[in-house]
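The chains referred to below are lettered A, B, ... by the order of the sequence lines, with proteins before strands, and numbering in each begins at 1.
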Amino acid sequence: MTTIEWGQLALYTAVLLLAAKPLGSYMATVYEGRRTWLHPIVRPLEAVTYRLSGVHEESEQDWRRYLFAVLAFNLLGFLMLYLILRTQGSLPLNPQHFPAVKPSLAFNTAVSFVTNTNWQSYGGETTLSYFSQMVGLTFQNFVSAAVGMAILVAVIRGLARHSAHTLGNFWVDLTRSVLYILLPLSLLVAIFLVSQGVIQNFAAYKQVATLEGPTQVLGMGPAAAQLAIKQLGTNGGGFFNANSAHPFENPTAWSNLVEMLAILLIPVASVYMYGRMVGSTKHGWVLVGAMTALMLLGAVIVGYAEQTGNPNLEAVGVTQVAGNGQLGGNMEGKEQRFGIGNSTIWAVTTTDASNGSVNSMHDSYTALGGLMPLANIATSEVIFGGVGSGMYGAVLYILLTVFIAGLMVGRTPEYLGKKVEAREMKSAMVALLIFPLLILGWSAIGVAQSFGTDALNNAGPHGLSEILYAFSSGAANNGSAFAGLGANTTFYNLGIGINILVGRFIFIVAVMVIAGTMVEKRRVPASLGTFPVDGVTFGGLFAGVILIVGLLTFFPAFALGPIVEHLMRSGTLF
Amino acid sequence: MTAKALTQELRPLLGITVTMLLLTTAVYPLAVTGVAQTLFHRQANGSIVEVNGSPVGSTLIGQMFEGDQYFHGRPSAAGDGYDASASGGSNLGPTSQKLIDRVTEDAAAFRQSNSLEAHATLPSDAVTASGSGLDPHVSPATARLQVERVAHARRVTEDQVRELVDEFTEGRQLVLIGEPRVNVLKLNIALDERFPLP
């Protein structure tokens with residue numbers, strides 16, 4: 001990594017951490033129903049929403065009813081989006097006259113956006129009308145993020161309360177997430193993005209005669225509004241095929257910085273908020289610290305790998321060393337305005353979070369550079385992770401950590417003053433074990449059958465990486481891809497679709513079950529045998545559990561894919 | 001949970017869905033559009049650049065240049081090259097035979113058209129395809145290697161063209177933000193203005 005690249009990483013991390021406390025405190029205030037500075041504008045809207053919907057703010061739901069509301073809301077959302085995609089040909093705002101999306105793709109896309117995954121088997125500018133993008137997708141971009149945040153808040157209440165039954169009201173948590181957090185932030189980010197050159201219009205595609213003569217067709221559309229929430233809500237589904245590498249989605253270094261901060265802004269603040277709402281900001285900071293360390297580890301490895309570059313390019317006379325007005329390194333799939341540094345920070349953060357937007361093409365990364373995004377996803381995205389979903393997923397790893405610590409000292413593990421018992425551990429382990437099964441199971445079928453390998457864009461070990469990445473991205477609801485894989489086939493649409501659904505809802509059910517039992521437990525006073533969760537020891541152990549439990553499962557597969565590709569990186573071509 | 005409890009959730013389900021739908025997909029995007037079209041009219045509509053009154057492209061979107069009289073952009077994997085309605089990268093991995101073949105070929109062509117030595121080392125952006133296939137920039141080094149060719153085609157001195165390249169080289173902002181780059185379309189428009197073809 002060059003000095004500039006270290007500086008870019010430091011700047012990014014510093015801004016992110018500085019925002020954690022103010023935003024996290026604000027979010028806690030919102031969910032506790034106390035007054036914020038946005039109240040004069042937003043509170044009337046909120047009140048009207050409840051009145052129209054017959055929601056009683058003070059009436060709370062137990063875990064079963066909360067979960068039922070979540071599932072019903074997602075089912076309705078899925079049906080609406082599927083219907084819009086299937087009928088876009090006869091809906092308004094379709095200046096390019098795109099026909100209806102075919103059933104398997106509509107199913108895959110609807111599942112993908114309702115679960116905050118945004119895996120895209122299509123290219124936006126060649127498939128979807130402005131109505132499908134603005135109404136169909138943008139709605140789910142907002143509410144799928146809000147659902148994640150609501151569930152996190154319910155889980156927090158389950159841990160923070162004792163001898164109680166209810167976890168809050170889903171409709172209230174959902175509405176507050178959208179009105180007080182996602183909408184105001186999106187407005188700011190969207191308008192900033194337009195100022196940098198992101199388009200926001202309803203015009204038909206523009207035809208221009210280029211300077212040398214041939215015609216160029218420029219895709220148009222209401223991109224900025226959708227992109228703001230795509231980044232902030234860890235959605236990641238691009239308006240254009242090239243996602244945030246496309247100059248109309250991400251035109252300048254400034255737009256890039258803001259979009260990149262937006263990826264982790266709410267996830268980092270959510271971890272701080274978690275600590276605060278469970279009654280220990282110190283615990284929150286320890287989690288932030290452990291996750292930041294893992295993020296930086298990934299960023300340094302990818303930054304080093306990409307700047308060191310590809311020996312096969314060097315062999316044909318392409319310099320890989322930065323200097324004399326050029327960047328060196330592996331520039332295949334990367335944009336000049338972002339360079340190596342801001343491409344690699346993005347690649348790492350978008351896979352730490354369940355964002356999945358890209359500003360460079362991961363498929364063209366070096367073996368090690370591509371391994372880290374894959375490994376990030378394979379931790380089931382708890383290094384800050386998705387909006388809401390990252391922190392509630394991390395709760396499973398926290399329970400595992402205190403459980404392992406409890407085994408070491410031979411006591412019943414405790415967390416936040418409550419005993420962690422069989423039912424909680426079983427729920428956590430079911431989710432954490434089904435997750436690798438989804439990825440490795442489907443990948444095994446994919447590499448063994450021609451319907452799996454026919455879709456490959458790259459041969460050799462890189463091909464295995466493409467398949468592993470696709471099923472991981474689905475199961476962890478990331479949505480980024482080693483995009484060379486031709487995944488718009490029945491096998492991949494089905495397999496990835498199933499991974500998306502099971503991956504999303506197995507975690508949701510697991511954490512809601514845990515919240516439901518934890519909320520009823522009595523407090524036990526802390527004793528000498530209690531493992532403190534607000535110290536460095538816990539932070540280290542927590543990071544260790546993520547690395548060992550999360551990643552060791554995948555090590556044999558990684559060894560045959562990116563790791564062997566790394567060892568053969570010089571001279572062997574496929 | 002009783003059936004009664006479940007039906008109680010029906011009205012919130014529909015009510016919240018409808019209100020959130022209105023706010024996030026009508027009020028919000030229209031508000032953004034309103035502000036965008038008022039305050040940032042040019043940007044919101046694609047940063048279109050005109051020459052002699054007719055649009056020739058967007059300053060943000062790269063386009064194909066093949067003639068000797070123009071600076072060339074990076075190789076592009078979007079459609080047949082700089083197809084702005086089909087953005088994308090090559091998605092070829094580092095050990096791909098196809099990638100190395102393509103780079104070898106592009107490198108030979110780049111060296112030949114710019115009269116470089118047969119084994120001259122090239123900047124990494126000059127022969128790699130960008131992620132979008134629409135990258136409007138090249139590195140300053142890649143632009144400088146093309147100066148001689150362009151100056152020759154336009155019958156002006158290399159220094160004149162080199163000065164123009166320097167003028168159109170954008171640096172990092174605040175030391176860290178972005179990377180040094182040259183916007184190929186802007187540079188070529190300026191070339192046509194200052195040094196019209198003989």
Given the rule in the salt bridge (charged side-chain N to carboxylate O under 4.0 Å, His left out) test, do B/Arg162 and B/Asp166 qualify, once you have shown the distances and angles that lead to the verdict?
CA-CA 6 Å; B/Arg162 200 169 289 124; B/Asp166 288 344; over 6 Å; no
The test is side-chain contact (heavy atoms from CB on, under 4.5 Å); show your working for B/Gln63 and B/Leu185 and say whether it passes.
CA-CA 7 Å; B/Gln63 45 184 253; B/Leu185 177 60; 3.7 Å; yes
When you look at A/Trp171 and B/Leu13, which way does the side-chain contact (heavy atoms from CB on, under 4.5 Å) test go after all the steps?
CA-CA 8 Å; A/Trp171 307 112; B/Leu13 171 65; 3.8 Å; yes
Show your working on side-chain contact (heavy atoms from CB on, under 4.5 Å) between B/Thr33 and A/Asn201 and close with a plain yes or no.
CA-CA 7 Å; B/Thr33 310; A/Asn201 60 56; 5.9 Å; no
A/Val208 vs B/Val56, test: side-chain contact (heavy atoms from CB on, under 4.5 Å). Steps then yes/no.
CA-CA 5 Å; A/Val208 295; B/Val56 296; 5.9 Å; no
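Heavy atoms of A/Thr572 lying under 4.5 Å from chain B belong exclusively to its backbone. Residue A/Val135 touches chain B through both its backbone and its side chain, counting heavy-atom pairs closer than 4.5 Å. In this structure, no portion of B/Ala143 lies under 4.5 Å from any heavy atom of chain A. Within the 4.5 angstrom heavy-atom criterion, atoms from both the backbone and the side chain of B/Ile189 approach chain A. For a residue to count as touching a neighbouring chain, one of its non-hydrogen atoms must lie under 4.5 Å from one of that chain's; by this rule A/Leu179 touches chain B with the side chain only. Looking at A/Leu11, the atoms closer than 4.5 Å to chain B (heavy atoms on both sides) all sit in the side chain, from C-beta outward. Of the two parts of A/Ser186, the backbone and the side chain both hold a non-hydrogen atom closer than 4.5 Å to a non-hydrogen atom of chain B. Interface remark: A/Asn458 contributes side-chain atoms only to the contact with chain B (heavy atom separation under 4.5 Å). Heavy atoms of B/Arg42 lying under 4.5 Å from chain A are absent altogether. For A/Leu45, the part lying under 4.5 angstrom from a heavy atom of chain B is the side chain only. Within the 4.5 angstrom heavy-atom criterion, atoms from both the backbone and the side chain of A/Ala483 approach chain B. Looking at A/His246, the atoms closer than 4.5 Å to chain B (heavy atoms on both sides) sit in the backbone and in the side chain alike. When heavy atoms are compared at a cutoff of 4.5 Å, A/Leu211 approaches chain B by way of both its backbone and its side chain. Only the backbone of B/Val138 has a heavy atom closer than 4.5 Å to any heavy atom of chain A. For chain B, the nearby part of A/Tyr365 is the backbone; its heavy atoms alone come within less than 4.5 Å. B/Thr19 touches chain A through its side chain: at least one heavy atom from C-beta onward sits under 4.5 Å away, while N, CA, C and O do not. Of the two parts of A/Leu218, the backbone and the side chain both hold a non-hydrogen atom closer than 4.5 Å to a non-hydrogen atom of chain B. There is no contact between B/Leu10 and chain A, counting heavy-atom distances below 4.5 Å. Proximity to chain B involves both the backbone and the side chain of A/Met134, based on heavy atoms less than 4.5 angstrom apart. B/His137 touches chain A through backbone and side chain together, each having a heavy atom under 4.5 Å away. Contacts between A/Ala72 and chain B at a heavy-atom distance below 4.5 Å involve backbone atoms as well as side-chain atoms.
Ranked by heavy-atom pairs under 4.5 Å with chain A, the first of B/Thr169, B/Val103, B/Leu92, B/Asn45 is B/Leu92. Most heavy-atom pairs under 4.5 Å with chain B: of the set A/Thr138, A/Val55, A/Asn312, A/Leu174, this distinction falls to A/Asn312. Taking chain B as the reference chain and counting heavy-atom pairs below 4.5 Å, the highest number among A/Ile229, A/Ile191, A/Asn256 is found for A/Ile191. Contacts with chain A were tallied for B/Ala126, B/Ala77, B/Pro94; B/Pro94 has the most, counting heavy-atom pairs under 4.5 Å. For the options B/Gly89, B/Gly57, B/Gly133, B/Ser54, heavy-atom pairs under 4.5 Å to chain A are most numerous at B/Gly57. Chain B forms more heavy-atom pairs under 4.5 Å with one residue of A/Val48, A/Thr210, A/Val316 than with any other, namely A/Thr210. Comparing A/Pro461, A/Gly333, A/Gly484 by how many heavy-atom pairs each has under 4.5 Å with chain B, the most go to A/Gly333. For chain B, the option among A/Ala253, A/Ala224, A/Pro247 with the highest count of heavy-atom pairs below 4.5 Å is A/Pro247. Note: B/Ala44 leads B/Ala44, B/Ala107, B/Gly178 in heavy-atom pairs under 4.5 Å with chain A. Interface summary for chain B: among A/Met361, A/His462, A/Glu335, the most heavy-atom pairs under 4.5 angstrom belong to A/Glu335. Ranking B/Ala141, B/Ser139, B/Ser87 against chain A, the residue ahead of the rest is B/Ser87, based on heavy-atom pairs under 4.5 Å. Heavy-atom pairs under 4.5 Å with chain A were tallied for B/Ala84, B/Gly15, B/Ala26; the largest tally goes to B/Ala84.
Other residues, nucleotides and ligands contribute only 12 or fewer heavy atoms inside 6.0 Å of the CG atom of A/Asn324. Heavy atoms of other residues, nucleotides or ligands lying less than 6.0 angstrom from NZ of B/Lys98 number 12 at most. Heavy atoms of other residues, nucleotides or ligands lying less than 6.0 angstrom from CD of A/Glu212 number more than 12.
Using a distance-only test at 3.5 Å, with no hydrogens or angles considered, no donor-acceptor pair links the side chain of A/Gln96 to the main chain of A/Thr126.
Of all the heavy atoms in B/Pro180 and B/Pro140, the pair that sits closest is O-CD, 3.6 Å. The two residues B/Ala36 and A/Val194 make their nearest non-hydrogen contact at CB-CG1, 3.6 Å. Nearest heavy-atom pair across A/Asn330 and A/Ser364 is ND2-O, 2.9 Å.
The residues B/Glu170 and A/Arg337 are annotated as not salt-bridged, no charged nitrogen and carboxylate oxygen being separated by less than 4.0 angstrom.
You'll find the ring centres of B/Phe110 and B/His72 outside the 6.0 Å limit. For B/Tyr28 and A/Phe142, the ring centers sit closer than 6.0 Å to each other.
Residues B/Phe40 and A/Gln196 form no side-chain contact, since every pair of their non-hydrogen atoms from C-beta on lies 4.5 Å or further apart. With contacts defined as side-chain heavy-atom distances shorter than 4.5 Å, the pair B/Phe71/B/Phe65 does not qualify.
Side chain to side chain, A/Gln8 and A/Tyr12 fail the donor-acceptor criterion of an N or O pair below 3.5 Å.
Remark: B/Arg154 qualifies as a cation-pi partner of B/Tyr70 under the 6.0 Å distance and 45° angle criteria applied to the six-membered ring.
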